[in-house]
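Chain letters run A, B, ... following the sequence lines, proteins first and then strands; every chain starts at 1. All values below come from the heavy atoms of this structure, side chains included, with hydrogens, waters and symmetry mates left out.
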4 protein chains.
Amino acid sequence: MAAMTEKRDNILDSALTLFAERGFDATTIPMIAKDANVGAGTIYRYFENKEVLVNTLFQYYVQVFTELLKKDFPEHHSIREQFHHLFQRMIRFTDEQEHALYFIKTHNAAYFLDDASREAFTDLWTILRDFLDEGKAENEIRDLPTLALIAIIFGGFLELHQLIRAGELERTEALMQGVENTCWDAVRHHP
Amino acid sequence: MAAMTEKRDNILDSALTLFAERGFDATTIPMIAKDANVGAGTIYRYFENKEVLVNTLFQYYVQVFTELLKKDFPEHHSIREQFHHLFQRMIRFTDEQEHALYFIKTHNAAYFLDDASREAFTDLWTILRDFLDEGKAENEIRDLPTLALIAIIFGGFLELHQLIRAGELERTEALMQGVENTCWDAVRHHP
Amino acid sequence: MAAMTEKRDNILDSALTLFAERGFDATTIPMIAKDANVGAGTIYRYFENKEVLVNTLFQYYVQVFTELLKKDFPEHHSIREQFHHLFQRMIRFTDEQEHALYFIKTHNAAYFLDDASREAFTDLWTILRDFLDEGKAENEIRDLPTLALIAIIFGGFLELHQLIRAGELERTEALMQGVENTCWDAVRHHP
Amino acid sequence: MAAMTEKRDNILDSALTLFAERGFDATTIPMIAKDANVGAGTIYRYFENKEVLVNTLFQYYVQVFTELLKKDFPEHHSIREQFHHLFQRMIRFTDEQEHALYFIKTHNAAYFLDDASREAFTDLWTILRDFLDEGKAENEIRDLPTLALIAIIFGGFLELHQLIRAGELERTEALMQGVENTCWDAVRHHP
DNA sequence: GATGAATGAGTTTTCATTCAT
DNA sequence: TATGAATGAAAACTCATTCAT
């Protein structure tokens with residue numbers, strides 16, 4: 001029943017892993033085909049070309065991540081609780097899709113991204129921006145340009161995630177708890 | 001310095017910029033040659049091949065950065081002062097070599113890095129690790145795996161630096177001061 | 001006629017049109033399948049491969065044309081009347097099968113034609129050759145190599161037919177009459 | 001001295017021959033490269049892609065032919081003498097460039113021709129059109145649409161030329177003389 | 001030493017053909 | 001019998017590297 005899109009999914013999965021591990025340009029179509037257990041030509045039945053493939057992948061995961069952050073957002077709770085929500089979802093996303101966030105991060109400024117991809121990425125940042133702006137208005141968040149704050153949290157977390165992926169750090173609950181606190185201490189307003 | 005190495009320097013400069021902007025795999029030798037105003041063949045007089053070029057570049061800038069951090073390190077001052085030293089040097093390095101730190105960051109896990117490059121990168125982390133370990137021992141730094149702390153500072157700062165390079169954020173003294181405080185609040189021990 | 005060969009006919013019709021419009025090499029099997037409203041695989045139920053298809057098509061239309069020319073040939077009438085017969089049938093053939101003659105013409109020297117196709121084409125020329133040889137014997141047709149005369153009539157007429165198909169010239173009875181006269185004046189013996 | 005464009009010329013020569021013999025779509029880049037004694041990649045140093053190559057070739061020979069027809073045109077001589085001039089130049093062109101006219105003819109309606117190619121081809125027809133229109137005005141040329149007359153002469157002559165190329169007919173002065181008369185009798189006004 | 005034209009190995013992409021359904 | 005998804009061989013095209021000048 002689900003067999004109809006199985007190959008397409010395999011291709012996307014393989015592409016995600018390889019793009020995350022080696023980057024778009026160092027990943028060849030035959031590499032993806034081999035990893036996905038399909039013929040090279042099959043990839044072109046599902047994606048017009050390599051750039052369409054990478055943009056499809058990018059948009060998909062950015063949207064999944066965006067929706068995950070948005071869903072059940074504790075609108076009327078404290079800024080700290082909202083931060084906790086966002087952070088936990090970010091952790092969950094990296095748990096569920098080991099390579100997705102790293103792929104997003106390493107490719108979000110790439111020359112081959114199309115307008116839809118850029119727009120999707122902007123939507124993602126908007127969530128974080130709105131949250132931080134609200135927090136600054138309530139004097140709960142440090143008075144630094146919002147973009148800078150996002151960069152610090154996002155950049156820091158992802159660098160850490162990469163270490164876990166590389167096996168240099170073990171992902172424990174305590175570590176995750178500590179990292180959340182670290183990031184919170186980074187961005188919160190210190191009286 | 002002398003005219004003899006002028007071409008070599010031009011090649012390295014152009015390669016640095018292009019590798020930082022497009023990545024190693026998307027940068028072609030003719031692109032570098034054109035940007036450096038030399039013939040494509042000339043690059044091969046100075047570097048055996050493209051991988052040797054990128055490794056030379058990587059090692060060079062990692063070492064320059066490492067030495068910059070080490071030089072005049074305030075060994076016997078407070079942890080906060082040592083942090084200030086490191087942070088200011090990091091800022092200075094990005095000011096002087098706009099693309100170097102981003103290049104290091106985006107290529108430090110690449111498949112084409114040789115042992116010397118990996119070792120140089122390890123040396124760089126060692127400086128930060130030793131500093132943080134000392135700080136933890138003195139109870140001035142948060143009790144989180146050192147690697148995690150480095151990731152957060154390094155990752156956060158670089159993400160911010162990218163925004164400045166992209167023109168989305170203006171590099172002011174106030175911003176830099178704020179970012180240093182943010183990072184310090186991230187890693188310091190909160191009583 | 002029966003439903004059993006309907007698909008085969010659709011395939012042949014579509015192939016004829018596409019081969020005439022784009023040529024054999026620029027026409028893909030999926031193009032033909034789509035135009036014929038059949039699956040690509042279906043084509044292979046009726047024709048072993050693409051070359052068999054084009055040869056089948058070529059032989060079929062060459063034979064239809066040959067028979068059309070032969071049928072009711074006014075054996076014992078004047079050369080001029082025989083010429084009229086042949087010319088009118090040529091016109092009728094292009095009227096009935098818009099693309100057939102042009103397809104024959106543009107593919108009659110192609111690298112993929114098999115012996116049967118070449119033979120069929122030779123048969124076609126034989127009719128014209130015999131007619132012209134007879135006319136030359138009777139001193140009604142110009143004394144020029146027969147092949148040359150055929151080339152001039154055939155080539156000229158087809159080039160004209162192309163202009164009509166392309167819509168650059170309107171097919172009127174007067175035009176057709178004029179073209180017949182033109183061709184007759186070309187080949188007849190001028191005292 | 002002329003070595004600088006030698007390869008480019010070899011490529012164009014080989015492409016002309018192969019396109020004329022097999023057609024654009026059945027001719028591969030490696031075929032051209034082999035025939036021209038260059039590497040396949042070399043072709044791309046001179047021509048952006050295969051379509052640019054074929055358009056360059058087409059425009060070049062159409063222009064050469066156009067200029068040959070125009071040069072020394074006997075403006076104030078009789079229509080018959082003008083016809084003689086045009087016909088002799090057409091013969092000369094096929095003598096000097098065995099494949100060029102046949103290539104032009106078999107590719108002048110191809111899907112891959114660009115605007116410049118189409119325009120160049122229109123210019124060529126304009127010469128013939130102007131000549132015939134003038135002749136019709138002087139009542140020396142048959143009263144048939146000009147396009148039709150061009151088609152007949154051009155089409156007839158080329159079909160003949162093809163037979164000579166294929167070796168089925170020998171190119172003698174007498175034959176050429178006869179063909180010119182044939183074509184003249186086709187288009188001239190018969191009182 | 002410096003160059004950039006030339007190359008061919010390796011890439012992306014197409015399409016005739018097969019075969020499970 | 002009919003299909004069209006899947007394939008891989010072969011095409012177009014790119015680019016690191018070489019080498020004659």
Flag side-chain contact, heavy atom, 4.5 Å: B:L16 against B:E98: no
I want to confirm an ordering. Mapping A:I43 and B:F24 to their closest nucleotides on DNA chain F, which one lands closer to the 5' end? A:I43
Would C:K7 and C:Y46 count as a cation-pi pair here, with the cationic atom under 6.0 angstrom from the ring centre and within 45° of the axis? no
5' precedence on DNA chain E between B:V38 and D:V38 (nearest-nucleotide basis): B:V38
CG of B:L53 versus P of F:dA16: gap in Å, rounded? 11 Å
Could you state the CZ-P distance from A:F47 to E:dT12, rounded to the nearest angstrom? 15 Å
Nucleotide E:dT11, atom P - distance to CD1 of A:I32 in whole Å: 12 Å
I need the minimum non-hydrogen distance between B:T66 and B:V62, along with the two atoms involved. OG1-O, 2.6 Å
Looking at E:dC15, I'd like to know if its phosphate oxygens (OP1 or OP2) sit under 4.0 Å from a side-chain N or O belonging to C:K50. no
5' priority, DNA chain F, between D:E51 and C:A40 [closest heavy atom]: C:A40
Minimum-distance nucleotide (side-chain atoms of D:T28 versus F:dA11, E:dT12, F:dT3): F:dA11
Between C:Y44 and E:dT17, is there a side-chain N or O to OP1/OP2 distance below 4.0 Å? yes
For C:R45 and E:dT18, what is the distance between atoms CZ and C1' respectively, to the nearest whole Å? 12 Å
With DNA chain E as reference, determine whether C:D25 or A:N49 sits nearer its 5' end, using the nearest nucleotide of each. A:N49
Spacing between C:R8 atom CZ and F:dT1 atom P, to the nearest angstrom: 14 Å
Under 4.0 Å between a side-chain N or O of A:T42 and OP1 or OP2 of F:dT7? yes
Testing E:dT17, F:dT17, F:dT7 for proximity to the side chain of C:I29, the answer is E:dT17
Counting just side-chain N and O atoms, does A:Y46 come under 4.0 Å of either OP1 or OP2 of F:dA6? yes
Considering every strand shown, what is the Watson-Crick or G-U wobble mate of E:dA20 when both distances are under 3.5 Å? F:dT3
Quick one, C:D25 with C:Y111, criterion side-chain hydrogen bond (donor to acceptor under 3.5 Å, both in side chains). Give me CA distance, side-chain angles, the key distance, then yes/no. CA-CA 11 Å; C:D25 292 291; C:Y111 63 93; 2.5 Å; yes
Expressed in angstrom and rounded to an integer, what is the separation of D:E6 atom CD from E:dA5 atom P? 16 Å
Centres of the D:H99 and D:F103 rings: under 6.0 Å? no
Roughly, in whole Å, what's the span from NZ in A:K34 to C1' in F:dT7? 17 Å
Just how far, in rounded Å, is C1' of F:dA10 from CE of D:M31? 11 Å
